[in-house]
Every structure is written in C-alpha cells, then in structure tokens.
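In what follows, every chain begins at residue 1, and chains take the letters A, B, ... in the order their sequences are listed.
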There are 2 protein chains.
Amino acid sequence: MAATIRDVAQASGVHVSTVSRAFSAPHLVNAATRNRVLAAAEDLGYRPNRAARALTTGRTHNIGLIVADISNPFFPPLIKAAQAHARRRDYHVFVADTDEDPLVEEELIQTLTKQVDGVLLCSPRLSNRAIERLGADVPFVVVNRKVRGMSTVLMDVGHGARLAVEHLVSLGHRRVALVAGPSGSWTSGEMRDAATATARESGVELVILGPNAPTELGGLAAAADVLQAGVTGVLAYNDLVAIGLIEGLYERGVRVPSDLSVIGVDDIVSGRLNRPKLTTVAMPTSAAGRTAVDLLLASVGAGDGATPALATLETNLVIRESTAPPT
Amino acid sequence: MAATIRDVAQASGVHVSTVSRAFSAPHLVNAATRNRVLAAAEDLGYRPNRAARALTTGRTHNIGLIVADISNPFFPPLIKAAQAHARRRDYHVFVADTDEDPLVEEELIQTLTKQVDGVLLCSPRLSNRAIERLGADVPFVVVNRKVRGMSTVLMDVGHGARLAVEHLVSLGHRRVALVAGPSGSWTSGEMRDAATATARESGVELVILGPNAPTELGGLAAAADVLQAGVTGVLAYNDLVAIGLIEGLYERGVRVPSDLSVIGVDDIVSGRLNRPKLTTVAMPTSAAGRTAVDLLLASVGAGDGATPALATLETNLVIRESTAPPT
DNA sequence: GACAGGTGTGCAACCGGTTGCATTAATGTG
DNA sequence: CACATTAATGCAACCGGTTGCACACCTGTC
C-alpha cells in the first residue's frame, strides 16, 4: 500500500502531527526536523491523501465544471483553460456533460456538491430559480447567464450581435435573419435583444427563426426557413449553426457570401479553416475559463459572506469571407 | 452545514451504523427501520459524503481521464462518452489536459492517483517505461498505445491506414506521402508501419514527412514539404492536419482533390462539413471511451490479480470528396 | 424447556489526515 | 536569578463515514 503519514512519522522518528505540520504549516516546525521529515517522505514516496485532508479542512481542492455538451467546440477551449488554471492553483477539476438536459444537470450538481469546493456552471440549461436553490449548498460561478446573487462571467455577446448586424447593414443588407439557439439559452436571448434594437435603429427588417439546436444539424435544418424568410444576411446562434446553415444553403444551390451573407458566433477553430472562412463574433472562451476559476476560488476562500462578482468580457467581430454586399 | 450520518441517526432514533447499513447494505436492516431512516435522510437532505466513504472503503468512485489536448476535436467525443458511461456506473470523472507535455502528464497522474480508483490514459506521450512504473500505484487503461501488462483499448488505425493507401493506389496514385504526427505517438507509428507495408506490396513510393504537430498548424506548415516531395496523394496523421494541409495547399494555388488527394484520420465532425468534404479513416472514439471505462471498472473490481484485457476496435475508410484520380 | 441458529441493532475501532491544547526546553527581561 | 515568553513537539479528539464483533431477542426443534 501507499505510504501514510504514520509511516513517515515512524521513519523520521517524530509524531504524526509534526509530519502533518511539516507539510501544511512549515513555519511551525524546526528546519532540521522538517528536512528529516521531508527526506523520509520523499524516500517512501509519500503523498498526502487529499480526501482525508478534505475531511477535516472542509477543502477538497476540487472543483466541478458542468457544461451542456463537451463535443460542442465552443467548450473545449474553456475547459482546457479552466483546467490548466485550476491546476496552477493546485485544484483538480471534475468535468461533466449534461447532454443539454436540465434534469441531468441538477442531479450532477447534487452528487458533485460534496466532493468539490465550488462549481462552474457553463451555459446552464437550468432555470434561474433552480440555480439559486442549488447555490445554497455550494459556491457557484455561472458562465454566460445572469443569476441574482451569484458570481458571473459574461461574454458580451449582445455587443457582438450589435456589431454583426451593423456590419451587415453597412454592407447594404436591408432584411436580415437571426437564427436563434435553444430556448433556455441566455446567450440567445441577449443576441435577440441586441439584434432587435440594432435593426430598429438602423431601419432594417429582422426576422427571428428558431429555436434551433446549437449544432451543425440545427443549422442544416434552418436552411429552408432562411430561404423562406427571403433575407440576404444571417446572424447565426453560433459557428456550428452557421457552418451547418452554409452547408444546407449550398445543397440548395445558394452560395455564401455571393448569394447570402452569414455571420457566426464563437470563432471556433474550424470556422477559420472552413471555406468560406467564417465572419464571426469572437468569444474569449479561454479567458472566460480562467476568470471563472479565479472568481470561484476567490469566493471559496471568502466564505459565504462574499459579494458576488461580475466579470464581463469583451467580444469582437472578426470579418472574414462569409459576408459580402447583397446582390 | 450539510446533514451528516449522525444527524440522520438522531432524527430516526437509531445508531449511525444502522444508518450506514440502510444505505450500503440494505439487506442487513429491518425493512421498517430502513424506511424510517430513509425518510429522515430525505427530510434532512442527507447525501453520503463520498470522500469520507472512500477513506474506509478504499473506493473513491472517481476516475481520472488524461488526454493530451482537450481542444483537439478527436478527444471530446471520447471524453463525453466516457463521462456519460462512468456516470451510469456512479463514477465521477476528473479530466486533465497535459498540453502534450510528458512531464505534466506524469505529475498529473501522481497527484490524481490518491483520488481515483483508476486512470484512463488517452494517447499518452509518456514512455512505456514511465507508464509501467506509474501503473504500480493505480490501475490504468491505456487508449491508443500498447503497454505490456496493462489493459488497453486500441483503434486499429493500422488497418485504416492500409485502406487509405489502397484507396489512393486504386485511384491511380503512384507516389504518396504520409504526413506523420508527433514522435511519441503510437498511432503515428502504426500508420507508418502499415503505410510502408502497403506501399511496398502495391509497388508505390511512399515518403514520410514529419514529425508534425497534430493540429491545423502542423498541417499548414507541412504544405511546403508535401509540394516539395512531389506526391499526388497524402495520408495525414489526422483530420486537423489534413484540413490545415488543404488550407496550406490552397494558399499555394494547389487544389484538392483535383491537383492532390488528401486523406485524414478520425472523422471529426468539422471534416464532414468542410469543403471539400474529407475522405478519412473513421475512428470509433465514443465506443473507445465506453470500452475504456468498462475495462477500467472491471480491473478496479478485480484487484491487482486481474489479467490485463485488450480491446481492439475497428476503423473504416469513409470516402468523401478530398480524393480523386491524379491528373 | 434447553439449546442451536438466525436476525437486527449497537458498540467502538478504524481510514488518513488536521488542529487546539498541554508540555517541555530554550530564550529574553528586569 | 526568578519569571514570563516563545519555539518546537506530542497528545488526543475530530472530520464522516464503514465494519467486525458482541449482544439481545425471536423462532424452531427435539
């Protein structure tokens, strides 16, 4: 079996409490003793058992990261950044995928609660009520959703949607569509509000299509609706939808951007290599992952009394090849 | 604070041990008592603390999943499937990303070891020696690598590479290239061996280019080498490399498939929506994730004495639009 | 009616750490 | 030199569960 603190104590001729302190409160133990303990520990290949430590300290040094769909390319950079950042702070991360199902999400949160110091909820599909309720048991940081009294990381997709619509308008489009996302999505709502306002201000018509699945298939399926709507420009819920839409249009003989302009959201890598290269609203996903971890660990350290923090990250429009003046 | 087993014991008027048994050994407790306990537990919102349980049972009900790069689209479906499958078996999953760095990989394994019942190592960059050594502390299942004495899930990429080269040959290509992956990659070695053998048997020339980063950038950078090599067909290490390569060729005025044929590996989603749609060797990533979890949990249950299992999953060639006869 | 066997529960030790308090020795102060 | 501090370490309780063992009670058997 693996070495325990008692093995180390025995090997170095001190009490277990001294060994414990040698690791977690070095200033309380004599330097010479400490070196002896450390040497013995090294020798035995001792590593503190984090679960046992968690039992007394109440800190597991784990966090949970819950996303709707790991295979949606929007999430991996966020997961990657969060995980790397957490590791630097000596935290491990549980990753769980809810399959876009609020029930699974809730159950996951509950079983995870006892094992983690906090949970990162990314683009949750749960209702705000449910999130507030569950948040009583464990600190949350919510990404891409505004929940009262809870720390939040937002990517200002409303601003991005505004830029996108303005871009279409400046190219000369007069009738544009928003291909919306899932109904529970905060992002989709923000886009809708911003696009609606911008369209009104610019005096162009906006039709809203959806809800749609946030995937290529969702985009593919929306192609018919888009043609039906008689628009010349489209803002899609995300890049996957945009790519699927472009494919669906292609199958129907409609070319992007010559016949129709399409803008995505997220700036996922494959959009940069697709043809046409996607004009898109770039989302700072890696930064969001890091920021969320920072906020979470801050509120873990601070205890319940902490005021919830709000971080809003900028988005910007990246103009590539999928947009052009209408013909 | 959250309810503990003692709170439940008090509320239902029995000893803690009875509460414990009501949950983990129901047949040992009277049905009526059990119901009373369960009701009290429900009432208090009691959930057993898994960390505390792990301390005595030695089972954490957690597994670790270590991948080289979460944002490589090959992995998310595997992670997703593994995670979903584990959850069905009441296991949580730590996901960690090594950033393709063997040192990070080793350190991650060590810190994770105490917290998990087993580790899934996907496409490890560590040497076999290192893996065998670390495997003494915790059960491993290795995906996409053959390690002596260790349970393994392989995707038969050698067979896929053979099919790919045969496909190029049947189209009439006489000089083809393999754009290899990272040097530590087992997959890359398998592809090399299979491609070499197939080329010799078919009497065509094969040039091997690399090592390359397993990303679009790696493919982009390999474009010059490919042109230099004077080949008409290419088998790329994976779809990302293939997509990057196609992009690099495009920038140099070379069209796929009319001027050059390209085959990828993995069958990632974005390859199916790229233009030209990628001809590729499809990898059963979801099945691999599930199988790996099954193997891991089996060996966790069996203890050290278990004979390592080997699962080999089939790959197959999906012919789309990136391959054509040479001109 | 004594006894073997089975069932349901309690007791207490244990898992691997942490931490408040007590103890001892060394140091500083007037 | 007596006394108050401080530094270093040991002791033992505790975190939240699990589990081997003991005990009480009930049932059935000869």
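With respect to the salt-bridge test (charged N to carboxylate O, under 4.0 angstrom), the residues B:R133 and B:E106 qualify.
Within the 4.0 Å cut-off from OP1 or OP2 of D:dG10, at least one side-chain nitrogen or oxygen of A:T18 is found. At C:dT19, none of the side-chain N or O atoms of A:S20 fall inside 4.0 Å of OP1 or OP2 (strictly under the cut-off). Taking only side-chain nitrogens and oxygens, B:S17 never comes nearer than 4.0 Å to OP1 or OP2 of C:dA12.
B:F23 comes within 4.0 angstrom of nothing in the nucleic acid, heavy atoms only.
In this model, a side-chain donor or acceptor of B:R21 finds a partner on the base of C:dG10 within 3.5 Å.
Rounded to an integer number of Å, the gap from CZ of B:R59 to C1' of D:dT18 is 14 Å. If you take NE2 of A:H15 and C1' of C:dT23, they are 13 Å apart, rounded to a whole angstrom. Look at NE2 on A:H61: it is 20 Å from P on D:dC15, rounded to the nearest Å.
Listed nucleotides: D:dT9, C:dT19, D:dG16. Nearest to the side chain of A:T57: C:dT19.
At a cut-off of 3.5 Å, with distance as the only test, a side-chain donor of B:H85 or B:D294 sits close to an acceptor on the other residue.
The residue among A:V14 and A:R6 whose nearest nucleotide of DNA chain D is located toward the 5' end is A:V14.
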